[in-house]
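So that the names make sense, note that chain A is the first sequence line, chain B the second, and so on, each numbered from 1. Note that these values count all heavy atoms, side chains included, but never hydrogens, waters or copies made by symmetry. Computed from a predicted model, the values in this text were never measured in an experiment.
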Amino acid sequence: MRTDDALTAALNPAQLEAVTAPLGKMLVLAGAGSGKTRVLAHRIAYVLAEYQASPYSILAVTFTNKAAGEMRTRIEALLGHSIGGMWVGTFHGLAHRLLRSHWREAKLNEHFQILDSDDQQRLVRRLLKELGLDESKFTPNQVQWYINARKDEGLRAAHIEDNGNVVDRSLIKIYRAYEETCERSSLVDFAELLLRSHELWLSNADLLKHYQERFKHILIDEFQDTNTIQYAWISLLTRNDTNLMVVGDDDQSIYGWRGAKIENIHQFERDFKPVQLIRLEQNYRSTNVILEAANALIRHNDTRLGKNLWTEGKPGELITLYSAYNERDEAHYLIECIRERVSKGYARRDIAILYRSNAQSRVLEEALLQAAIPYRVYGGMRFFERAEIKNALAYLRLAVNHDDDPAFERIVNFPTRGIGDRSLITLREVARERQLSLWEAAKKVISETLLSPRACSAIEAFMQLIDRITIGLYELTLAEQVEHALTVSSLLSFYQQERGEEARGRVENLDELVSAAGQFQVEDNPQGDPLMAFLATAALEAGERQGEEGQDCVQLMTLHSAKGLEFPIVFLAGLEEGLFPHFMSATDPYRLEEERRLCYVGMTRAKEHLCLSFAESRRSRGAETMQRPSRFIQEIPSSCLQEIRPRANIMRPVNQSYYKSEAKQQQRLPTVDFYSNEQQDLHIGQGVKHKTFGRGTILNFEGNGSHARVQVRFESGETKWLVASFVELEVSF
DNA sequence: TCAGCGCATGTTTTT
DNA sequence: CATGCGCTGA
């Protein structure tokens, strides 16, 4: 019991109740910032100490790799040593691990590969063509979505009825063709990992029993985000005597589009009776103002379990709201705020900029780059998703598993080696007719000379090249293997010959791939093949870059990837109708509520200060569009908000470097050039000091050059227009 | 066979 | 705007 004191001392009563609850089924409804990860980690430590549980008997499941890493770190910190035989990971990661261990029982090839979304889409596109289906009726995207949605529901093509519906019949047909190709190529997509491992247990009672007996303690984070197949997976693994703790928050369910079912929370209470219910409603993260605003926002949702977060913390700063002229103005404003915070002593890593969609990061990045502020973008195009990296990996994949059709397609003629479309069409035909992989089809084409001698020899040369990669593989270290593939495939020299900035970046990325391979550590199965593990990690984690913490960086990410994280300062950018809530979700009330929850998640990431911003005009897909402020802004009580720029005064911030094409007009327009004031370090939102009026904040600018006037709100409450060149304003913070 | 060009189009979030 | 597609000429 000695460990208990250290373990439980810092917990509040509700947390303590959850951590020390008797073994059984437990549902913890935990609001944002209520210490849920903490409870999970402590519970694990408690079970280990109190019940002398073996680490081997513990399974902890999270949704993102980031969350899994966080969980591992916390547990290790509590225990003072490594997590040992514990299984801590994402649903997908754990399912993959199962399939690797039991590939035979799962009816897979020993060298099966993971198909990422991009691979999947290419494959679907190819199948659509082969089946001769009208692409205008079925976009690859829709088909991909359809297949994944069915798999998330646990349904195979054979399980689905078309009910006489022509559209469904076609979709099912594509789904079936897709399944067959994956089977033949020994490929497993993300949803398949779960579905396949579920089936593995269903059809292997002994195996299931083994894992049921092993995992006596199961903990699941973000339970509101589980979908049908994940719920079924957990249900199957859980027995009456399993100690199962699930933690969730219905207000933070943001993965409905991926098949997540909030209802699973209710279903859990029904399916696993008796369930002990514990609520964590005290927030330790955010200031009162932030919490009040977030609570007010989420109250606009009708379908909630209902709860109200509270805090004993200080009221804190008001949430600032900046209405920018356009997206560049927004970016510049954020930069000024960041500079100000950094000068006040905040670390850059304490500051996060969150946005709805990845595309928004670009403008922000450009501005940060120009301002020389180090930053890091999470998500978006990740390292292992870059074309040159995928090409390099495709060579390795094909070397390991010759039947990997997507890899074959990707590199058979890249760099070009005289295998053109006509040859490929023949290869695909032969493959389809004889139910072979492309590789096997290629063998037939050569032995039966189904193509011109020149084409045949080109294909043969390609196959020999792949074989040369394969032969060399086994005596080499992982890094050498990667290097070997790069050289033999002549991919590296191909990119080296290319000129231009972009090509240089590609070569650098390939170098980085080699060093990533050098640093790669096989955590879980040291006896397994490192190359296989490396390829799997590339698909599953796509480059989370956990290691390189070196530089102190401002953090940029989507709202989705911010879930589970917290930052002292949070900027929520692009709060505009159509962008957030996204127009794809705006019409359906159910999806609109999900958008609102997403906003709630974003707001509750902030510990000390939250800054919201939107642009009145935004350039998207080439055209300038007028934007309306997001409805979510109206849903926040105005008492929580401080508007930085009164909406009545809308002016054009003009800066030549940003408006090259408008240079001519610019000279005639009575413009405001507030960026030029940077020499004096003056900008909107800037704190200043005046000899007689005291401290204040700059609200606005007007005019230019020596005629420029500055609007300042002083602490006395007065707002004054001052002529900048006449008065002396001191930068005060 | 393949590079280059013009045209059309779609448009979110992640494992 | 960015990507993919089809067409053309070498």
Side-chain angles (χ1 to χ4, degrees), chain A residues 61-68 89-96 114-122 125 129 135-136 139-142 144-145 148 151-152 188-195 222 225-227 229-230 253-260 327 354-363 378-382 384-385 387 413-425 451-452 454-455 458 536-544 557-564 574 578-586 591 594-595 597-599 601-602 618-625:
Chain A
V61 190
T62 63
F63 272 78
T64 62
N65 295 303
K66 222 184 280 171
T90 63
F91 272 109
H92 294 88
L94 298 169
H96 172 248
I114 299 171
L115 206 63
D116 72 15
S117 258
D118 179 57
D119 298 331
Q120 189 184 35
Q121 189 168 89
R122 283 162 186 273
R125 188 166 279 147
K129 269 208 192 102
E135 263 220 39
S136 62
T139 68
N141 240 326
Q142 285 169 327
Q144 186 183 19
W145 181 86
N148 289 335
K151 288 195 179 189
D152 284 341
V188 173
D189 63 43
F190 290 132
E192 182 76 20
L193 288 168
L194 292 158
L195 186 50
E222 311 278 14
D225 287 329
T226 49
N227 60 31
I229 189 72
Q230 288 162 339
S253 162
I254 56 176
Y255 284 103
W257 52 274
R258 206 172 74 183
E327 77 280 358
L354 311 181
Y355 37 80
R356 176 74 225 296
S357 64
N358 283 308
Q360 284 169 261
S361 77
R362 231 183 96 167
V363 188
Y378 290 89
M381 179 56 83
R382 282 174 285 209
F384 287 109
E385 286 168 0
N413 199 31
F414 188 90
T416 51
R417 49 176 70 87
I419 303 171
D421 272 346
R422 241 195 37 229
S423 312
L424 258 176
I425 288 168
L451 278 166
S452 69
R454 208 179 58 179
T537 307
L540 281 172
E541 299 191 16
E544 296 271 335
M557 66 192 84
T558 63
L559 289 152
H560 282 89
S561 22
K563 189 158 84 152
L579 189 58
F580 191 27
H582 196 274
F583 71 93
M584 295 297 281
S585 308
R591 299 181 66 182
E594 183 157 303
E595 295 280 313
R597 289 193 293 268
L598 193 55
C599 187
V601 166
R618 182 173 294 270
R619 191 178 211 112
S620 63
R621 60 180 198 285
E624 201 87 30
T625 49

Distance check needed: [N] [atom2] versus [X] [atom1], whole Å only.
X: A/Lys151; N: B/dT15; atom1: NZ; atom2: P; result: 18 Å
X: A/Lys66; N: B/dT15; atom1: NZ; atom2: P; result: 8 Å
X: A/Asp118; N: B/dT14; atom1: CG; atom2: P; result: 15 Å
X: A/Tyr378; N: B/dT15; atom1: OH; atom2: P; result: 13 Å
X: A/Glu327; N: C/dC1; atom1: CD; atom2: P; result: 11 Å
X: A/Arg122; N: C/dG4; atom1: CZ; atom2: P; result: 7 Å
X: A/Gln121; N: B/dT15; atom1: CD; atom2: C1'; result: 16 Å
X: A/Arg125; N: C/dG4; atom1: CZ; atom2: C1'; result: 7 Å

Requested in this report: For the pair A/Lys151 and A/Asp189, find out whether any cationic side-chain nitrogen is under 4.0 Å from an anionic carboxylate oxygen.
Outcome: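 Yes, A/Lys151 and A/Asp189 are salt-bridged.
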Query raised in the report: Which comes earlier along DNA chain B counting from the 5' end, the contact point of A/Ala455 or that of A/Phe63, where each point is its nearest nucleotide?
Result: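 By nearest-heavy-atom nucleotide position, the 5'-most residue is A/Ala455.
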Report summary line: Judged by nearest nucleotide, the residue sitting upstream toward the 5' end of DNA chain B, A/Ala539 or A/Ser423, is A/Ser423
Between [X] and [Y] (side chain of the first, backbone of the second, donor and acceptor by atom type, cut-off under 3.5 Å), is there such a pair?
X: A/Gln144; Y: A/Ser117; answer: yes
X: A/Ser361; Y: A/Asn358; answer: yes
X: A/Asp119; Y: A/Asp116; answer: yes

Query - A/Arg618 versus A/Gly574, closest heavy-atom pair with distance - result: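 Residues A/Arg618 and A/Gly574, closest heavy atoms: NH2-CA, 3.5 Å.
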Which atom pairs link the protein and nucleotides 2-5 of chain B when you take only N or O atoms and keep those under 3.5 Å?
{"from": "B/dC2", "atom 1": "OP1", "to": "A/Gly418", "atom 2": "N", "distance (Å)": "2.9"}
{"from": "B/dC2", "atom 1": "OP2", "to": "A/Asn413", "atom 2": "ND2", "distance (Å)": "2.7"}

Query raised in the report: Between A/Glu594 and A/Tyr255, is a side-chain contact (heavy atoms from CB on, under 4.5 Å) present by the stated rule, with each step listed?
Result: CA-CA 8 Å; A/Glu594 183 157 303; A/Tyr255 284 103; 5.6 Å; no
Look for any protein N or O under 3.5 Å of an N or O in nucleotides 8-10 of chain C and output each such pair with its distance, or none.
none

Query raised in the report: Does A/Ser117 place a side-chain N or O at less than 4.0 Å from the phosphate oxygens OP1/OP2 of B/dT15?
Result: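 Checking B/dT15 against A/Ser117, no side-chain N or O comes under 4.0 Å of OP1 or OP2.
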Query raised in the report: Quick one: side-chain contact (heavy atoms from CB on, under 4.5 Å) partners of A/Ala458, sequence neighbours excluded?
Result: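 With sequence neighbours excluded, A/Ala458 shows a side-chain contact (heavy atoms from CB on, under 4.5 Å) to A/Ile419, given in chain and number order.
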Query - Set of residues satisfying ring pair (Phe, Tyr, Trp, His ring centres under 6.0 Å) with respect to A/His92, sequence neighbours excluded - result: none
**Report entry** Nearest-neighbour nucleotide for the A/Arg362 side chain, C/dC1, B/dT1, B/dT15 considered
**Finding:** C/dC1
Which atoms of nucleotides 10-13 of chain B (N or O only) lie under 3.5 Å from a protein N or O atom, and what are those distances?
{"from": "B/dT11", "atom 1": "OP2", "to": "A/Asn141", "atom 2": "ND2", "distance (Å)": "3.3"}
{"from": "B/dT11", "atom 1": "N3", "to": "A/Arg621", "atom 2": "NE", "distance (Å)": "2.4"}
{"from": "B/dT11", "atom 1": "N3", "to": "A/Arg621", "atom 2": "NH1", "distance (Å)": "3.1"}
{"from": "B/dT11", "atom 1": "O4", "to": "A/Arg621", "atom 2": "NE", "distance (Å)": "2.6"}
{"from": "B/dT11", "atom 1": "O4", "to": "A/Arg621", "atom 2": "NH2", "distance (Å)": "3.0"}
{"from": "B/dT12", "atom 1": "O4'", "to": "A/His582", "atom 2": "NE2", "distance (Å)": "3.3"}
{"from": "B/dT12", "atom 1": "O2", "to": "A/Arg356", "atom 2": "NH1", "distance (Å)": "2.7"}
{"from": "B/dT12", "atom 1": "O2", "to": "A/Arg356", "atom 2": "NH2", "distance (Å)": "2.6"}
{"from": "B/dT12", "atom 1": "O4", "to": "A/Arg591", "atom 2": "NH2", "distance (Å)": "2.6"}
{"from": "B/dT13", "atom 1": "OP1", "to": "A/Asn358", "atom 2": "N", "distance (Å)": "2.6"}
{"from": "B/dT13", "atom 1": "OP1", "to": "A/Asn358", "atom 2": "ND2", "distance (Å)": "2.8"}
{"from": "B/dT13", "atom 1": "O2", "to": "A/Trp257", "atom 2": "NE1", "distance (Å)": "3.2"}
{"from": "B/dT13", "atom 1": "O2", "to": "A/Arg356", "atom 2": "NH2", "distance (Å)": "2.6"}
{"from": "B/dT13", "atom 1": "O2", "to": "A/His560", "atom 2": "NE2", "distance (Å)": "3.4"}

Report summary line: The reported gap from CD in A/Glu222 to OG1 in A/Thr90 (rounded to nearest 0.5 angstrom) is 13.0 Å
Query - Nearest-0.5 Å distance that lies between atom CD in A/Gln121 and atom OG1 in A/Thr139 - result: 8.0 Å
Query raised in the report: Taking atom types as modelled, is there a side-chain donor on A/Asp152 or A/Gln230 under 3.5 Å from an acceptor on the other?
Result: no
Query raised in the report: Looking at residues at least two apart in the chain, or sitting in another chain, which of them share a side chain to side chain donor-acceptor pair (under 3.5 Å) with A/Ser357?
Result: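 In terms of side chain to side chain donor-acceptor pair (under 3.5 Å), with neighbours along the sequence ignored, A/Ser357 is linked to A/Gln360.
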